[in-house]
Chemist: 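Before anything else, here's the structure in question.
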Protein chains: 2
Amino acid sequence: MTERRRRGPRRALTEEAILDAALELLDEGGADAASIRTIAARVGVAPNAVYTYFPSKAAVLRAVVERILGDIEHDVAADRARPWRERVESLALHVRERVLAHPAALPLMVGGPLDGRNALALHEQLLDLMGDAGLPPSDAARAAYLLVVYLFGAMALNVAQVPEPGPLPPEAERVAARRRRFAAVPTESFPRTAAAADTIATYVTSEQFLWGLRRVLDGISALAAHTATDGSPA
Amino acid sequence: MTERRRRGPRRALTEEAILDAALELLDEGGADAASIRTIAARVGVAPNAVYTYFPSKAAVLRAVVERILGDIEHDVAADRARPWRERVESLALHVRERVLAHPAALPLMVGGPLDGRNALALHEQLLDLMGDAGLPPSDAARAAYLLVVYLFGAMALNVAQVPEPGPLPPEAERVAARRRRFAAVPTESFPRTAAAADTIATYVTSEQFLWGLRRVLDGISALAAHTATDGSPA
DNA sequence: ACCTGAACACCGTTCAAGT
DNA sequence: ACCTGAACACCGTTCAAGT
């Protein structure tokens, strides 16, 4: 483990440095801005040098996703004294906050397997929480996946409404943009949509995110209650 | 409206023909296979001829998404005699069947605004159903969006598990592939995930899709019941 | 082992030109 | 109005070569 380094100009690079550059470019300019060539340029190296550390661009992007999911703190839902629903809500809001900090990464997350170590750690935690909810193992797994679908689906659609690359504008601004857009929906073709335009504008808020999550948790709660009534093992 | 056409070799192309070619290529070889150049080649034309009909590649892909959503039949959920939950389930399964026929299109759907005419028509129908469920307008809109998030989130994550382009393999094959993958999850790091591997393998099935949908509908039902008890207007 | 220069086979898009 | 040839400014990736 003696880790010799830096004798001469070699080892100009690290995997870390490459991922930092990739994530920065992704955050600043969106998916198109994070090419192998721009990443290499940012770390001051020839494009093909990246291939010493990663086998392909896809591998770099997978590692970026893992890096982002690694920012999720696992203790927000760890306190077993709190009710499981509160813990799920805290975790969900925390995940949302961390992930939406990198809008351009969402298509990568819902476009690939989500089976890296940190993705598995999140799944493990959700499984744990669903166990605490009183669900038997196989229902707990199904419910955990339902939560994954809801979380990543909601985040992806949220981000998908913003066309320009770069950090997400403030919530109020995104709602205002949607309000303008849906004011133009023709009443004769889509009467209900047009009538509900004001509510539709708020689809991108954290309030709607939490509202949807609570309906999902209500559905899971009902299952847990039914299981308990049935007399199945906790 | 006299629409003169075809005098000489001009009008070799149609928007329809371009979209057909684009969708075929998308279905056969995935997103990378559907380049402006391959699309043009398939319809027998120079690459830049496509720009006579669409302003950009992004516009072509948006139109492809709309074309797929146009395959959704609106009468599967129209029969008001049936209970609203059954109608939502029918619609959801129908949408899933139609959309999963084009796996490569899902990243396009969850990566963009979903505000085309056919997307709006689907939203309108969900709004209608949520009204029939007894929800007041603003809750109906929130619930409709929850369903959109669930539907497209579930479909996107479903497709994201299959790395090779082309049509989705049969369900049994996809489950088997997942079983092999999750058999390799280390028990010491992810005990619950490893223990639930057999259930996790079934995340990609239509059964799990329906299971999750039913939990969501349970959550929405609870809200409707509460609203009714409250004495709010139907 | 790590990095470079040069090249290959692609992209999306634009522009001037032809009918 | 519709299409072509040619070009521009990019891609990801590979390969031989240098240290």
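Because the structure is a prediction, the values reported are computed rather than measured. All values below come from the heavy atoms of this structure, side chains included, with hydrogens, waters and symmetry mates left out. We name chains A, B, ... by the order of the sequence lines, and we start the count at 1 in each one.
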Chemist: Taking salt bridge (charged side-chain N to carboxylate O under 4.0 Å, His left out) as the test, write out the residues that go with B:R117, two or more places apart.
Modeler: none
Chemist: Of all residues at least two apart in sequence or in a different chain, which pass the side chain to side chain donor-acceptor pair (under 3.5 Å) check with B:D71?
Modeler: none
Chemist: Walk along nucleotides 7-17 of chain D from 5' to 3' and tag each nucleotide B, S or - by protein heavy-atom contact under 4.0 Å, base first, then sugar-phosphate.
Modeler: B---BBBBB--
Chemist: Is there any side chain to side chain donor-acceptor pair (under 3.5 Å) pair reaching into residues 54-63 of chain A, and which pairs are they, with sequence neighbours excluded?
Modeler: none
Chemist: With sugar-phosphate meaning primed atoms plus P, OP1 and OP2, does A:F54 contact a base, only sugar-phosphate, or nothing at under 4.0 Å between heavy atoms?
Modeler: nothing
Chemist: Can you sort out the partners of A:P167 under side-chain contact (heavy atoms from CB on, under 4.5 Å), two or more places apart, ordered by chain and number?
Modeler: none
Chemist: Applying side chain to side chain donor-acceptor pair (under 3.5 Å), which residue pairs with at least one partner in residues 95-110 of chain B are found, sequence neighbours left out?
Modeler: B:D27-B:H102, B:E73-B:R98
Chemist: Do the side-chain N and O atoms of A:T202 and A:T205 include a donor-acceptor pair separated by under 3.5 angstrom?
Modeler: no
Chemist: The criterion is side-chain contact (heavy atoms from CB on, under 4.5 Å); which residues satisfy it with A:S138, sequence neighbours excluded?
Modeler: B:T199
Chemist: Filter on side chain to side chain donor-acceptor pair (under 3.5 Å), then keep only pairs touching residues 154-172 of chain A, sequence neighbours left out; what's left?
Modeler: A:Q161-A:R178
Chemist: So what is the 5' to 3' dot-bracket string for DNA chain D, if pairs are Watson-Crick or G-U wobble with both distances under 3.5 Å, crossing pairs use [ ] and | means the partner sits on another strand?
Modeler: ||.|||||...|||||.||
